[in-house]
Student: 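Below: one structure in structure tokens.
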Amino acid sequence: MKLWLLGTLGLQQALLWFGGIAAFVTLLYLLKLRRRQVEVPFSALWARVLEERQSAKLFRRLKRFISWLVQLAVVALLLFALTDPQIKNWRLVKVETPEPRHTVLVIDTSASMGTTDENGASRLAAAKKVALRLIAELRGDDRLVIVEMAGRVRSGTFSNYKRGLEEQVERLAVQDSGTNVREALSVVQQLTEGKKDPWVVWLSDGAYDGLKDVAKLRGKVQIVQFGRERANVGISELSVRPYLDDGLKFEIFLKVRNYTTRALKGKVTLYTGDDFSRSGKKPARPGPEQRVEGLTIVQSVTVQLPAGGEVLRVLKDQKFLRKRLVAWLEVDPGQRMRDWFPRDDFAFAVVPDRKKIRVLGVSTGNNYLYAALFLRENLEFKMIEPKAFKPEMVGRYDLVVFDRFTPKPFPSEGNFLLLEPGEGGPFEVLKEKVVVRPRIGKIDRKHRLVRHVEFEDVEILYSVPIKLRGKDRAPVRSANGWPLVVTQSRKNRRVVAFAFDIRKSTLPLQTSFPVLLVDAVNWYFEEEQRLFLAHESGTQVSAKVSVKGDECELETPDGKQLRVPVVERHARFYAREAGFYRLGKGKLVELVAVNLRDREEARIGPRTFKDRAVVRADRASIKQTQRREDLWRHVWRNLLLAALMLGLVEWFTYHRRWTV
């Protein structure tokens, strides 16, 4: 048997210490025992006893010799334990004092880890069990760091405080996001930089492309993959668009994708309401005029999903006044297919605010204007004579139309539409000059006012010359450069002016005239009439808010209250889950819809991976490797236990007078 003792004490040091201590113990045993003097009444009675003790002198030496050997054995065991011996394959081997091992534990918390195919539990729950076992088996000098990998990668610091590491693992939750593998690899590389033989344990389902890059990491890499190939269908897109005619109806765009290899039949139920938040409960089955938790069923749509394909449905002429729209997908029970990934069965959309707009017309009579505005569904139109106009009326209406009438002084606040403006208004009109029969020449198609308008064969009898000032814009000009349609935007006032009388032109006879008026109304209220598009979960969201200041309140879909920064009137926050987010407080509340739109994440089947450079480990092998190393590192504990047992034997025999 080869023997090296190179632990806390070297071989030579251990032998020197043993020789010195053994000589000291031997000296103690060679010392002559001092007899205790006891007075007795008659010495003749003790003569026979003394003779017997003399005859047993050799046996007493033998008993003390056994005690001496026991003491030397205890000393040898203690010194042997101090050398920290190592055993491998039943042989004492030469080892050096190992450096602390640094373990980087990467745990995937992306949306696919919520798939419940681990014996009824989620993949993340199974990954947590492996992580907690590794933490429990840490040696005292080892260090471990936890890296959470989802749309955003978060990392702690190396630690050997087991309770703190366990609390970090227990707090992990599935996020409605994809997997940012590139950032996770960068973080792991930084953590392992300068560490000797680091150990990277990668706990994931592998529902993404990029596992091959794990082989490039430093140290020993082990991947534990969770889950199996499972079926899934989900809603990949949900959005709402208002009609261009500025009515109160909408179009709903719905995309449903089938990630399985066979055709399926599903049903999508649309709900609308004001107080809906996803709490994990599925809405009840749809029915006529049914209300579920404050929600009203808008429509139920049947979809035929081809194998591995996607279906787009456009639902037209949808009318509802609620701001929240929720779509829920369920597979037809007759398909006998279980949807293992329910997180993408819900989609959310914010319905644009389509409130009634109050319009005041000040005109001596204009049937073209009256017909175009009065028939609009979302306009409340009232016409008065110019002599009945009073400046205080402006504050009671969202839009005021002045037809060939310009009040003096012109109101400093409000939204105004001017037809053939005069002097004293918001624009500088040149005196005693008229542009005769101007032909439309230049059109700025980037301007929102004329984006959807065509001006073919439009003839104008005359127009008033307008001189632009400051930030005035002219999206429509004549061939000679005179402004025909002018816009002005100030802090508290927005104005659109037609430099001609529409009754003295062929414009009202064109099909584009109603569209032009609708675009003009939308230009005034572009903030209120904008289309709210759903953001993608697992990303940084920037949403415009009406609140003032550097911060605003945020309520997440699960009811948490947070404070988020506001930069240039845009609140910025990270969307961890899908659902509705409330920004602001009181009347200044903005709704933001967030959906899980990562198609790669919705493919919940693990990717195949055959790179030999990385060790594909199962959950048991990681535990056994750790346990085996710990077992052979602590032989000194058994040596101390043996020394203690010998000491107890010596104590017992001494008190029994066997070794005295």
Side-chain angles (χ1 to χ4, degrees), residues 241-250 352-384 394 397-406 414-421 425-427 438 440 443-461 463-464 466 473-477 483-489 493-531:
R241 186 184 71 179
Y243 282 105
L244 295 178
D245 63 357
D246 215 26
L248 297 178
K249 295 182 180 180
F250 305 89
D353 190 0
R354 308 291 283 177
K355 66 181 181 181
K356 290 278 187 178
I357 299 175
R358 296 167 298 175
V359 180
L360 175 64
V362 183
S363 175
T364 57
N366 191 331
N367 292 332
Y368 294 120
L369 177 65
Y370 184 80
L373 295 179
F374 182 77
L375 296 179
R376 298 273 66 80
E377 188 177 16
N378 71 320
L379 296 181
E380 295 179 355
F381 186 67
K382 180 181 180 181
M383 187 78 77
I384 63 172
V394 175
Y397 292 89
D398 300 309
L399 175 63
V400 180
V401 181
F402 293 118
D403 181 20
R404 302 189 66 191
F405 168 72
T406 304
N415 300 313
F416 305 96
L417 173 62
L418 278 65
L419 305 179
E420 191 181 342
F427 303 101
I440 295 178
I443 302 175
D444 184 7
R445 291 299 180 184
K446 295 181 179 180
H447 200 286
R448 180 173 180 176
L449 190 65
V450 293
R451 192 176 300 168
H452 308 289
V453 181
E454 297 295 336
F455 292 93
E456 296 181 0
D457 301 326
V458 174
E459 295 186 4
I460 302 172
L461 184 61
S463 68
V464 296
I466 298 177
R473 296 289 181 267
V476 181
R477 292 176 179 266
L484 296 178
V485 179
V486 188
T487 63
Q488 182 184 93
S489 181
R493 186 176 68 185
R494 309 194 82 185
V495 184
V496 175
F498 289 76
F500 55 92
D501 183 359
I502 61 174
R503 292 170 296 185
K504 303 295 183 180
S505 70
T506 60
L507 180 61
L509 303 179
Q510 303 289 329
T511 57
S512 59
F513 177 65
V515 178
L516 178 60
L517 291 181
V518 169
D519 284 348
V521 173
N522 289 339
W523 181 78
Y524 291 116
F525 307 102
E526 60 181 351
E527 297 303 327
E528 290 78 9
Q529 301 294 323
R530 69 186 186 276
L531 177 62

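Position 1 is the first residue of the sequence; numbering continues from there. Just so you know, these numbers use all the heavy atoms, side chains as well, and skip hydrogens, waters and symmetry mates.
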Student: For Asp403, give me all partners under side chain to side chain donor-acceptor pair (under 3.5 Å), at least two apart in sequence or on another chain.
Tutor: Ser363, Asn366
Student: Can you sort out the partners of Thr487 under side chain to side chain contact (heavy atoms under 4.5 Å, CB included), two or more places apart, ordered by chain and number?
Tutor: His447, Leu449, Arg473, Pro475, Val496, Trp523
Student: What's the shortest heavy-atom distance between Val458 and Thr506, and which atoms?
Tutor: CA-OG1, 3.4 Å
Student: Checking Val401 against Val359 for the side-chain contact (heavy atoms from CB on, under 4.5 Å) test, could you report, in this order, the C-alpha distance in whole Å, the side-chain angles of both residues, the deciding distance, and whether it holds?
Tutor: CA-CA 7 Å; Val401 181; Val359 180; 4.1 Å; yes
Student: Under 4.5 Å between any side-chain heavy atoms of Lys382 and Tyr397, yes or no?
Tutor: yes
Student: Within the distance-only criterion (no hydrogens, no angle test), does the side chain of Asp398 pair as donor or acceptor with the backbone N or O of Ile357 below 3.5 angstrom?
Tutor: no
Student: Side-chain contact, heavy-atom cut-off 4.5 Å: Arg494 with Phe416?
Tutor: no
Student: Please report the shortest heavy-atom distance between Leu484 and Phe500, naming the atom on each side.
Tutor: O-CE2, 3.8 Å
Student: List in chain and number order the residues that pass salt bridge (charged side-chain N to carboxylate O under 4.0 Å, His left out) with Glu459, two or more places apart in sequence or in another chain; answer none if no residue qualifies.
Tutor: none
Student: Evaluate the side-chain proximity of Phe455 to Leu507: yes if any heavy-atom separation is below 4.5 Å, no if none is.
Tutor: yes
Student: Which residues pass the ring pair (Phe, Tyr, Trp, His ring centres under 6.0 Å) test with Tyr368, not counting sequence neighbours?
Tutor: none
Student: What are the two closest non-hydrogen atoms of Phe402 and Phe405, and how far apart are they?
Tutor: CB-O, 2.9 Å
Student: With side chain to side chain contact (heavy atoms under 4.5 Å, CB included) as the test, pick out the partner of Phe498 among Val464, Leu418, Leu419.
Tutor: Leu419
Student: Taking Glu420 first and then Arg404, would you say they form a salt bridge - that is, a charged N and a carboxylate O separated by under 4.0 Å?
Tutor: yes
Student: Return the CG to CD distance between Leu360 and Glu380, rounded to the nearest 0.5 Å.
Tutor: 12.5 Å
Student: Going by the rule side chain to side chain donor-acceptor pair (under 3.5 Å), which residues pair with Arg493 if we only count those two or more places apart in sequence or in a different chain?
Tutor: Gln488
Student: What are the two closest non-hydrogen atoms of Pro421 and Ala499, and how far apart are they?
Tutor: CD-CA, 4.2 Å
Student: Who are the side chain to side chain donor-acceptor pair (under 3.5 Å) partners of Arg503, not counting sequence neighbours?
Tutor: Asp501
